[in-house]
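Inspection log for the structure reproduced underneath, given as structure tokens.
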Amino acid sequence: MPSDVNRRSTRSRVTSAVTLQQVARDAGVSLATASRVLSGSDRNVKQELQDRVLEAAARLRYVSNAPARALVQSTTSLVGLVVHDVRDPYSAAVTSGLMEVARDHKLLVMVGPAYHDPALQTEYVARLRAQRARAIVLAGSGFTGGTTELAREVEAFTAQGGRVIAVSHEGLPVDTLTPRYRDGGRAVARHLASLGHTEAGVVCGPTGLVAVQERLRGFVEAAAELGLTVLDKHCVEAECTRDGGRAATIRLFRRAPELSAVFALDDAMALGVLAALRDDLGRMVPDDVSVIGYGDFPLAEDVTPSLTTVHLPLEEIGRRALSLALGDAPASPRQLTVPTRLVVRASTAAPHPHGS
DNA sequence: ACACATCCGGCTCTCAGGTA
DNA sequence: TACCTGAGAGCCGGATGTGT
């Protein structure tokens, strides 16, 4: 029969981490007193003991054991952020805003890139649930109609006491924050029509995404009202990247070389549109073709010509999403919106008459 | 082979008791 | 009586021991 000593030896880990117990011993106080001093408890501890504990903790380079603390408090300092791609400016801006709030609350952020894969989105939520994360912000747009697997996983996470804030998602039983994409799309159509364009092409990302579909819907609806023709065959779908936008533009102008305007449903794609028009198609922007993006990423102002685009307050979305996640849970899920606005720059102009 | 009990990690919190 | 301290419970779930 194995002795208790043997059992201990097989189970104890070799560790040099300083524990609260060691700090307490070093300071000559009880574990509880050391905990009160170091955890910011509102219980009073005599100044002399406080000094001794703080001095011992500093000398031993003590940091509290987060998993152990989480065990007691049933909450962790971990929050999850699920985006589509950490490389895109959209994710970077949202992350930056969210990080500000996380820093203020001393939270650790774990970022998961789902690469437009709903299964991967679901997997990240499951992993964050296993880590007992305090909250999750699903920042990458969801798919139209939502996915039952993701909804189920989100439900399991919230049942466990976690909070989830979804940005541009449908069918999730949590607070949802959605930019007024449709308004932005409508503003683009109005702008092109007001300049005198009568026909436009569209370069868009996966139409299964809520964000893409809503932007497109607003644009197409308003275009129809304003007499701006947008043919189905002039809507080209590609990856939401610069290269995707570039390839889509080449395809688009092969089909419709006469187009005087292109609406890219994402700024990264719009950069690809500009590159294709300049380098592959020999067209001038905006003299030959007007280009509009969506997102107002930092680069939009700096490219030549500067990009007319729809401004999305991305950092604000990140800040607001995490603030909501850390606030009190509402009685029922809320649908919250964020305004969008058109920013007119140098990439759009009135069309030149044919032959001039 | 299986079900159930116990231990372990590090920490916070409650409550009883000591001191001025 | 007020304030402070310290012992011990309990947090959770995986690993291990024990009994049937």
Side-chain angles (χ1 to χ4, degrees), chain A residues 1-82 101-112 119-138 149-165 173-174 322-323 325-329:
Chain A
M1 190 174 114
S3 71
D4 195 47
V5 172
N6 283 340
R7 187 173 154 190
R8 274 164 199 272
S9 67
T10 55
R11 294 178 59 177
S12 62
R13 282 168 295 157
V14 177
T15 170
S16 59
V18 177
T19 65
L20 186 65
Q21 181 88 59
Q22 286 168 267
V23 174
R25 200 184 308 135
D26 201 83
V29 299
S30 71
L31 189 62
T33 298
S35 171
R36 277 177 202 130
V37 174
L38 296 170
S39 69
S41 158
D42 49 9
R43 295 280 297 270
N44 287 335
V45 175
K46 255 199 269 181
Q47 190 59 49
E48 187 216 333
L49 295 189
Q50 281 192 43
D51 293 345
R52 266 157 53 189
V53 171
L54 292 171
E55 196 272 329
R59 182 155 24 84
L60 297 170
R61 302 180 71 86
Y62 168 79
V63 285
S64 95
N65 181 318
R69 180 175 256 181
L71 193 61
V72 170
Q73 297 181 324
S74 295
T75 182
T76 67
S77 57
L78 176 70
V79 296
L81 171 64
V82 182
V101 179
R103 195 177 52 227
D104 291 347
H105 289 82
K106 295 185 164 42
L107 298 171
L108 186 66
V109 180
M110 190 175 278
V111 182
L120 202 47
Q121 270 183 340
T122 306
E123 193 183 318
Y124 279 124
V125 175
R127 284 194 212 169
L128 288 161
R129 182 158 74 93
Q131 293 289 334
R132 301 297 186 269
R134 184 188 295 191
I136 299 175
V137 172
L138 295 170
E149 290 77 14
L150 180 61
R152 217 173 284 153
E153 195 52 54
V154 162
E155 218 155 16
F157 182 79
T158 54
Q160 204 169 272
R163 292 287 306 283
V164 176
I165 304 296
V174 295
L322 186 53
S323 299
L326 299 177
D328 292 332

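Naming: A, B, ... by sequence-line order, numbering from 1 per chain. Values in this document were obtained by computation on a predicted structure and should not be read as measured data.
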Exercise for the section: Quickly work out the A/Gln131 CD to C/dG13 C1' distance and round it to whole Å. Expected result: 14 Å
Handout entry: Option from A/Lys46, A/Arg52, A/Gln50 for which side chain to side chain donor-acceptor pair (under 3.5 Å) with A/Glu48 holds
Key = A/Arg52
Fill in the blank from the handout: A/Asn65 atom CG is separated from C/dC11 atom P, nearest whole Å, by 18 Å
Problem - Spacing of A/Arg25 atom CZ and A/Leu20 atom CG [to the nearest 0.5 Å] - result: 11.0 Å
Practice task
Take the protein atom CZ of A/Arg129 and the nucleotide atom C1' of C/dC12, then report the distance between them rounded to whole Å.
Solution key: 15 Å
Handout entry: Phosphate-side-chain proximity, A/Ser64 and B/dC11, N/O vs OP1/OP2 below 4.0 Å
Key = no
Practice task
Mind calculating the distance between CD (A/Gln21) and P (B/dG10) to the nearest angstrom?
Solution key: 9 Å
Completion exercise
In whole angstroms, the gap separating C1' of C/dC4 from CD of A/Gln47 amounts to 14 Å
Practice task
Round to a whole Å and report the spacing from CG of A/Leu49 to P of B/dT19.
Solution key: 15 Å
Problem - Residue among A/Val18, A/Val23, A/Asp26 satisfying side chain to side chain contact (heavy atoms under 4.5 Å, CB included) with A/Arg59 - result: A/Asp26
Practice task
Write down the distance between CG (A/Leu38) and P (C/dG6), rounded to a whole number of angstrom.
Solution key: 14 Å
Completion exercise
side-chain hydrogen bond (donor to acceptor under 3.5 Å, both in side chains) pairs touching residues 101-112 of chain A, sequence neighbours excluded, are none
Practice task
Using a cut-off of strictly less than 4.0 Å, decide whether A/Tyr62 has a side-chain nitrogen or oxygen near OP1 or OP2 of B/dG10.
Solution key: no
Practice task
Specify the separation, in whole Å, of atom CZ of A/Arg52 and atom C1' of C/dC4.
Solution key: 13 Å
Practice task
Before giving the answer on side-chain contact (heavy atoms from CB on, under 4.5 Å), spell out for A/Val174 and A/Leu138 the whole-Å C-alpha distance, their side-chain angles and the decisive distance to 0.1 Å.
Solution key: CA-CA 11 Å; A/Val174 295; A/Leu138 295 170; 5.9 Å; no
Protein and nucleotides 13-15 of chain B: nitrogen or oxygen contacts under 3.5 angstrom:
unit_1	atom_1	unit_2	atom_2	d
B/dT14	O4	A/Arg36	NH2	2.9
B/dC15	N4	A/Arg43	NH1	3.2
B/dC15	N4	A/Arg43	NH2	3.1

Handout entry: Passing option when A/Leu128 is tested against A/Glu123, A/Met110, A/Arg134 for side chain to side chain contact (heavy atoms under 4.5 Å, CB included)
Key = A/Met110
